[in-house]
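Heavy-atom basis, side chains included; hydrogens, waters and symmetry copies ignored.
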Amino acid sequence: MTRLVFAGTPAFALASLQALVDSGRQPVAVYTQPDRPAGRGRKLTASPVKQFAAAAGIDVYQPESLRDPAAIDALRALEPELLIVAAYGLILPQEVLDIPSHGCLNVHASLLPRWRGAAPIQAAILAGDAVTGVTLMQMSAGLDCGPVFAERVVPIEPGESAALLHDRLATAGGELLVEQLDAIATGTLLPEQQDEALVTYAPKIATADAELDWRLPAAQLERRVRAYNPAPGAWFLRGEQRIKVWQSELDSTVQGEPGSIVQFDGEGIVVACGAGGLRLTELQAPGKRRAAAHEFVQQINLR
């Protein structure tokens, strides 16, 4: 059996690691980012991948960087035949990519070459794509530009948030990895180069990207709400308050000055946009919990 090392950090990566272990392909070691402060108490917290690996009895490595000679030597000492990477979050220099005898394999949450980069799930929703998917890619020194072994198409459901799509893509990635791993490791399945003419990029997300600009069409804002759920959460300012919007619906019948509230009652909150209106169905005021619109109108006065 191929000697595997796995590198990943968040829940998306955990799905691939768990699929490997469940299929009897347990890695000899797992690499994940160092524990980070999390929660209101800012307590150091292990990543989902570390928690699973520790429970499964897999050795865990957490270097701050893979450019450190000591970290590179430690990986080389493991003698991996294949390094599987899924949302690891650290750059792999060429010296690391050259260590595994069968190379490095990446599980990426898009249909490459569309949406290379850090936020492919959000980018697909923002663009109004009908489908996305997962890709198994041979890693190279560039950004998600290596040749592709296999892909699986995943439709984006109407009204689907990034949170829900993330979970379906994570599962699909684990399934595809297990299905194709032996063929990749033995050289039976050969990768194909990406078409550079079709490349699009999905950059890192900043909180400012999630602001709702009411001058934009409502359809675009509705996608923004879904794309930034759960993080960083779509938001707008009302006075000095930053209001988060977790769920919304289109209302094409609405007309009015962009940003004006045309309905504010127990039936909902509807805001006029550059084209059409957006019905806000779940919101959150500062210091409050998330609430359905009919509860929210009792918490705060938006007028």
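- Looking at Thr9, its side chain does come within 3.5 Å of a backbone N or O of Tyr88 through a donor-acceptor pair.
- For Gln284, the side chain to side chain donor-acceptor pair (under 3.5 Å) partners at least two apart in sequence or on another chain are Trp246.
- Contact check on Arg116 versus Glu196 returns a salt bridge, with a Lys/Arg side-chain nitrogen under 4.0 Å from an Asp/Glu carboxylate oxygen.
- The environment of Glu95 atom CD is sparse: at most 12 non-hydrogen atoms of other residues, nucleotides or ligands sit within 6.0 angstrom.
- Counting only heavy atoms from C-beta outward, the side chains of Gln193 and Pro147 approach each other to under 4.5 Å.
- Residues Gln247 and Asn229 have side chains that never bring a donor and an acceptor to within less than 3.5 angstrom of each other.
- Ile156 approaches Asp129 most closely through the heavy-atom pair CD1-O, 3.3 Å.
- Checking side-chain atoms of Ser248 against main-chain N and O of Arg279 turns up no donor-acceptor pair under 3.5 Å.
- A distance of 9.5 Å separates CG of Leu44 from CZ of Arg36, quoted to the nearest 0.5 Å.
- In this structure Gln94 satisfies the side chain to side chain donor-acceptor pair (under 3.5 Å) test together with Asp98, sequence neighbours excluded.
- At a cut-off of 3.5 Å, with distance as the only test, no side-chain donor of Ser65 or Arg67 sits close to an acceptor on the other residue.
- Side-chain N or O atoms of Ser110 include one that pairs as donor or acceptor with a backbone N or O of Trp115 at under 3.5 Å.
- Within a 6.0 Å sphere centred on CD of Gln51, heavy atoms belonging to other residues, nucleotides or ligands number more than 12.
- Using a 4.5 Å heavy-atom cutoff, the side chains of Ile99 and Leu83 are not in contact.
- Neither side chain, Glu81 nor Ser101, offers a donor N or O lying under 3.5 Å from an acceptor on the other.
- Between Tyr31 and Tyr61, the two ring planes are parallel [angle under 30°; tilted spans 30° to 60°].
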